[in-house]
Amino acid sequence: MLRWLIGGGREPQGLAEKSPLQTIGEEQTQNPYTELLVLKAHHDIVRFLVQLDDYRFASAGDDGIVVVWNAQTGEKLLELNGHTQKITAIITFPSLESCEEKNQLILTASADRTVIVWDGDTTRQVQRISCFQSTVKVLVLWLKYLRTVLWQQLAKN
């Protein structure tokens, strides 16, 4: 579940301790932010949010799912399933076929020792790489090199 919040600012500590309205239960303090929209699609912790373009963003986390959202309405646009364990890294970049801003690729790494390249406009896996000996925890994009490698891989298929 994702919550869009707008800052409400914290009151001075002394006021928070004196006011009974500032607590929920005995130990949980009240959230000082205002919920704008709750987005529901994930079944576990959401660890990553990445912007695809001005109108879409993607979320990913411990359920191994990537969800693409409409940033203006909060509508779930796509659900990308392919990892069997939690997602450990995610980045986006322009697709190989087009440099248009909307046409993005999503690159995800997972504790299942795979890296998947997704088409950001469909649920299609462009490339799946599963030759790693352990979890891939960081993805760094060297765009010129990556495009060359992906073009070579796609030409083989």
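This one's a predicted model, so the numbers in the text were calculated from it and none came from an experiment.
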Exercise. Taking only residues two or more places apart in sequence or in another chain, which ones pass side-chain contact (heavy atoms from CB on, under 4.5 Å) with N81?
Worked result: I65, E79
Exercise. Does the side chain of Q51 come within less than 4.5 Å of T92's, by heavy atoms?
Worked result: no
Exercise. Hey, which of L80, L107, T108 is the one that makes side-chain contact (heavy atoms from CB on, under 4.5 Å) with I116?
Worked result: T108
Problem set entry | Set of residues satisfying side-chain contact (heavy atoms from CB on, under 4.5 Å) with respect to Q133, sequence neighbours excluded | none
For this session: Tell me, please, which residues at least two apart from R128 pass salt bridge (Lys or Arg N to Asp or Glu O under 4.0 Å).
Result: none
Exercise. Donor-acceptor pair, T135 side chain versus K137 backbone, under 3.5 Å?
Worked result: no
Exercise. Between the side chain of S110 and the main-chain N/O of Q85, is any donor-acceptor distance below 3.5 Å?
Worked result: yes
Exercise. With a 4.5 Å limit on heavy-atom distance, are the side chains of W118 and V126 in contact?
Worked result: no
Exercise. Under 6.0 Å from the CZ atom of F132, do we count more than 12 heavy atoms belonging to anything else shown?
Worked result: yes
For this session: Indicate whether the side chain of D63 and that of H43 have a donor and an acceptor atom separated by less than 3.5 Å.
Result: no
Exercise. Rounded to the nearest 0.5 Å, what separation is found between the NZ atom of K76 and the CG atom of N70?
Worked result: 14.0 Å
Exercise. Is the side chain of T88 donor-acceptor paired with the backbone N or O of V136 at a distance under 3.5 Å, no angle test?
Worked result: yes
Problem set entry | Side-chain donor/acceptor of R56 to backbone N/O of L77, under 3.5 Å | no
For this session: Any chance you could lay out the side-chain contact (heavy atoms from CB on, under 4.5 Å) test for V66 and I87, step after step, and finish with the verdict?
Result: CA-CA 8 Å; V66 177; I87 293 176; 3.5 Å; yes
Problem set entry | Rounded distance (nearest 0.5 Å) linking atom CZ of F57 with atom CG of L39 | 5.5 Å
Seminar exercise, completed: Taken to the nearest 0.5 Å, the spacing of L105 CG from F93 CZ works out to 4.5 Å
For this session: Could you give me the CA-CA distance, side-chain angles and deciding distance for V67 and L78, then say whether side-chain contact (heavy atoms from CB on, under 4.5 Å) is met?
Result: CA-CA 6 Å; V67 179; L78 298 171; over 6 Å; no
Exercise. What distance do Q104 atom CD and I91 atom CD1 have between them, rounded to the nearest 0.5 Å?
Worked result: 11.0 Å
Problem set entry | side-chain contact (heavy atoms from CB on, under 4.5 Å) between L52 and V68, intermediate numbers included | CA-CA 9 Å; L52 297 177; V68 177; 3.6 Å; yes
For this session: For the residue pair Y55 and Q72, establish whether any side-chain heavy-atom pair is separated by less than 4.5 Å.
Result: yes
Exercise. If you look at every heavy atom in G120 and I106, which pair is closest and at what distance?
Worked result: CA-CD1, 4.1 Å
For this session: Decide yes or no for S59 and W69: does some side-chain heavy atom of the first lie under 4.5 Å from some side-chain heavy atom of the second?
Result: yes
Exercise. D112 side chain to T84 main-chain N or O, any donor-acceptor pair under 3.5 Å?
Worked result: yes
Exercise. Side chains of T114 and I129: closer than 4.5 Å at any heavy-atom pair?
Worked result: no
